[in-house]
There are 2 protein chains.
Amino acid sequence: MAGVSTATVSRALRGLPTVSAATRRRVLAAAEQLQYAVSPSASRLAGGRTGAIAVVVPRITRWFFGVVVEAVEDFLHQCGYDLLLHNLGGREQNRQRLLHPANLHKRVDGVMLVATPLRPADLTALTTLDLPGVTVSSGTGVPGWPCVRIDDVAAARIATRHLLDLGHRRIAHISGDPDDELAFTAHLDRRRGYQEALRAAGLWPDPTLDVESGFDIAGGTRATEELLRRGDPPTAIFAACDEMAMGALTALRDAGLRVPQDVSLIGIDDHALSGVLGLSTIAQPAAEQGRLAAEMLIDPLRGRTRASDCGADELPVILPTRLVVRDSTAPPRAN
Amino acid sequence: MAGVSTATVSRALRGLPTVSAATRRRVLAAAEQLQYAVSPSASRLAGGRTGAIAVVVPRITRWFFGVVVEAVEDFLHQCGYDLLLHNLGGREQNRQRLLHPANLHKRVDGVMLVATPLRPADLTALTTLDLPGVTVSSGTGVPGWPCVRIDDVAAARIATRHLLDLGHRRIAHISGDPDDELAFTAHLDRRRGYQEALRAAGLWPDPTLDVESGFDIAGGTRATEELLRRGDPPTAIFAACDEMAMGALTALRDAGLRVPQDVSLIGIDDHALSGVLGLSTIAQPAAEQGRLAAEMLIDPLRGRTRASDCGADELPVILPTRLVVRDSTAPPRAN
DNA sequence: CTGAAAGCGCTTACAG
DNA sequence: CTGAAAGCGCTTACAG
């Protein structure tokens with residue numbers, strides 16, 4: 001030791017204000033010299049906080065989730081929190097395991113659920129756990145948890161409207177996420193926006209132009225192949241996300257259809273590669289959603305009252321999207 | 001309680017063999033009924049193991065690292081380990097913080113370093129920490145840690161050879177990673193392979209055809225723009241990774257050059273979107289590298305002796321790569 | 001501003 | 001196969 005009790009060492013190392021400057025200096029010096037590092041398990045046990053946050057994503061390899069996690073990781077580590085990553089990987093079993101109270105209880109100080117579908121049973125489990133949390137891009141909110149997201153219905157409406165404005169009338173939609181056995185809300189909302197835009201233009205959504213598949217590249221390819229198999233191809237396709245649009249690109253090329261001359265194509269995201277591919281899209285701020293959600297989760301934990309605590313803030317925070325027109329959308333060919 | 005001591009509960013819950021079946025049944029039933037979950041901090045403190053692994057990647061948003069992390073996460077959770085994610089994000093400061101003994105000591109049972117550059121000082125720090133670890137895709141190994149990787153020199157040689165075989169002679173190379181202030185070995189090895197292939201064909205590597213930039217999409221664009229600015233464009237480009245190749249695609253298109261008619265292009269990775277883009281590449285098994293590394297890290301922790309412990313296994317495990325020819329490479333135009 | 005004491009909730013030898 | 005006891009290494013009221 002450097003002449004003080006362990007209690008004082010503990011206080012000095014954590015920077016509590018109730019330590020004299022001289023003492024703190026001595027403690028820090030001794031710690032430095034002894035290469036002393038506190039045992040996280042011990043301080044967690046004694047202190048009651050774990051200093052860790054669980055972050056749950058469907059698939060870390062998809063653009064949106066990678067960007068969200070990157071932003072969250074950065075903020076969390078800046079605040080001194082560890083990030084426990086959970087990748088659902090499309091397995092219902094993983095979701096179960098993770099959401100089981102034993103895996104969250106006393107293990108983390110908070111939870112971030114990104115686009116994670118929740119059943120009523122999961123909701124009550126989470127609620128009785130009484131753990132702080134936040135959801136991102138999630139339809140079913142958790143009572144008492146803030147939520148950050150975009151307006152998926154509006155984004156889809158704008159994408160579809162863009163195609164309508166160009167003069168398209170036969171507009172297909174590809175979407176769906178069999179990765180989740182449960183309803184994944186983003187794609188349901190996006191379909192709704194698509195249908196609303198069509199109806200607003202006096203069109204009737206045609207079920208044969210609406211194909212479900214995986215919410216990723218391969219899914220986009222499969223959905224588009226199915227679409228083309230149905231005959232009488234659409235003049236435009238609205239894909240529920242950019243990765244599906246990219247998959248569509250392959251299928252269209254293989255079918256000998258050119259984009260945008262034969263078929264226009266638009267997605268949602270503004271994926272890092274959408275520019276390279278010249279893909280028109282609705283850009284959504286992924287990093288900002290992650291960062292903001294992390295902040296809303298952490299701030300209260302650090303004792304900072306968020307303004308929202310003063311009132312009812314069951315309202316989700318909606319971040320803006322933006323139409324980005326590139327080379328994949330054009331007026332339909334005059335027949 | 002269900003009639004037994006806490007010691008027995010502990011043993012029953014962990015499935016130790018020294019508990020009678022009847023007792024175990026009673027304990028499990030009681031735990032179930034009480035919604036009892038052990039406190040991880042307490043068992044860590046008492047037991048000395050944390051049940052967590054730190055995984056360090058340069059950028060989770062890049063294809064390779066996302067796929068590696070996904071595979072690692074899956075394996076780790078199957079083994080009951082938590083995964084603490086560290087994303088360096090190109091900040092030297094993050095590397096420092098993470099590698100500081102205090103942030104690893106007693107916090108995790110093991111470390112996986114993916115493509116993380118290490119200075120001599122870092123090496124000694126890690127060695128004195130005496131923590132089990134494994135490196136993936138890393139040039140500078142850590143003494144005593146296994147390493148999983150591909151042969152970057154060979155991969156680059158094969159890519160370059162493919163271009164040479166097609167008849168190209170003016171073959172450029174784009175590479176580099178300013179994200180890392182330290183030498184990031186993969187790109188150095190890949191340059192070496194490129195140069196070796198040229199020399200083996202009797203060609204002299206031309207420095208004006210070798211441009212460094214970021215190891216990502218934007219870097220590929222910048223490097224290619226710089227290349228074209230130098231005049232007398234090459235007939236082929238070997239990009240150090242697919243993401244750089246994708247960036248190159250944009251620059252070439254903007255310059256009015258067609259791929260492969262005017263310029264052939266090949267990368268390394270077999271990125272999820274390389275197929276969509278018709279990009280020729282050298283495929284590397286990313287998930288397998290992650291999974292295998294996780295296994296090599298975890299198996300000894302669970303008391304399983306790996307065969308390699310019996311001998312000196314300072315040799316890295318090299319996984320195979322494979323040339324994938326798509327539409328971005330073709331013979332040069334006859335002038 | 002600092003110290004003594006209790007306690008966080010487990011696991012681990014040690015007996016039996 | 002099971003229990004009593006000690007201890008893991010901190011933090012937290014409680015005094016002073």
Side-chain angles (χ1 to χ4, degrees), chain A residues 1-52 80-82 101-109 129-131 301-303, chain B residues 1-52 80-82 101-109 129-131 301-303:
Chain A
M1 298 270 153
V4 290
S5 71
T6 61
T8 303
V9 170
S10 171
R11 290 189 275 247
L13 255 28
R14 281 178 301 151
L16 296 193
T18 76
V19 182
S20 78
T23 308
R24 165 164 301 130
R25 231 176 294 122
R26 262 183 300 133
V27 171
L28 291 178
E32 175 66 47
Q33 206 181 336
L34 270 51
Q35 289 270 34
Y36 170 80
V38 312
S39 153
S41 327
S43 62
R44 282 164 189 190
L45 179 56
R49 53 182 294 285
T50 66
Y81 281 85
D82 277 336
N103 285 314
L104 254 17
H105 181 63
K106 300 259 186 187
R107 196 174 286 273
V108 291
D109 295 336
L129 254 183
D130 195 31
L131 202 59
L301 293 182
R302 302 155 96 195
Chain B
M1 295 277 153
V4 290
S5 71
T6 61
T8 303
V9 171
S10 170
R11 290 188 274 246
L13 255 30
R14 282 178 300 149
L16 296 194
T18 75
V19 182
S20 78
T23 309
R24 165 163 300 130
R25 229 176 295 121
R26 264 183 299 133
V27 170
L28 291 178
E32 175 65 47
Q33 205 179 338
L34 269 50
Q35 289 270 33
Y36 171 80
V38 312
S39 154
S41 326
S43 61
R44 283 163 190 190
L45 178 56
R49 54 183 293 285
T50 66
Y81 281 84
D82 277 335
N103 285 314
L104 254 17
H105 180 63
K106 299 258 185 189
R107 196 173 285 274
V108 291
D109 295 335
L129 254 183
D130 195 32
L131 203 59
L301 293 181
R302 302 157 96 195

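Naming: A, B, ... by sequence-line order, numbering from 1 per chain.
Considering every non-hydrogen atom in both B:Val4 and B:Val27, the closest pair reads CG2-CG2, 3.9 Å. Residue B:Leu45 comes nearest to A:Ala42 through the heavy atom pair CD1-CB, 3.7 Å, listed as atom of the first residue, atom of the second, then distance. Contact between A:Leu13 and A:Leu28 at its shortest, heavy atoms only, is CD1-CD2, 3.6 Å.
Under the salt bridge (charged side-chain N to carboxylate O under 4.0 Å, His left out) criterion, B:Arg107 pairs with A:Asp82, not counting sequence neighbours. B:Arg14 meets the side chain to side chain donor-acceptor pair (under 3.5 Å) test with B:Ser10; sequence neighbours excluded. Under the salt bridge (charged side-chain N to carboxylate O under 4.0 Å, His left out) criterion, B:Arg11 pairs with no residue, sequence neighbours left out.
OP1 and OP2 of C:dC1 both lie 4.0 Å or more from every side-chain N or O belonging to A:Ser20.
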note = Per-residue pairing states of DNA chain D in dot-bracket (Watson-Crick or G-U under 3.5 Å; . unpaired, | other strand) read |||.||||||||.|||

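Counting any heavy atom pair closer than 4.0 Å across all strands shown, B:Thr18 reaches a base atom.
At a threshold of 4.5 Å between non-hydrogen side-chain atoms, the residues A:Lys106 and A:Thr50 do not count as touching.
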task = Produce a footprint string for nucleotides 9-15 of chain C: one letter per nucleotide, 5' end first; B if the base is under 4.0 Å from any protein heavy atom, S if only the sugar-phosphate is, - if neither.
result = BBSBB--

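The list of side chain to side chain donor-acceptor pair (under 3.5 Å) pairs with a residue in residues 36-45 of chain B, not counting sequence neighbours, is empty.
B:Arg26 places its CZ atom 12 Å from the C1' atom of D:dC1, with the value rounded to the nearest Å.
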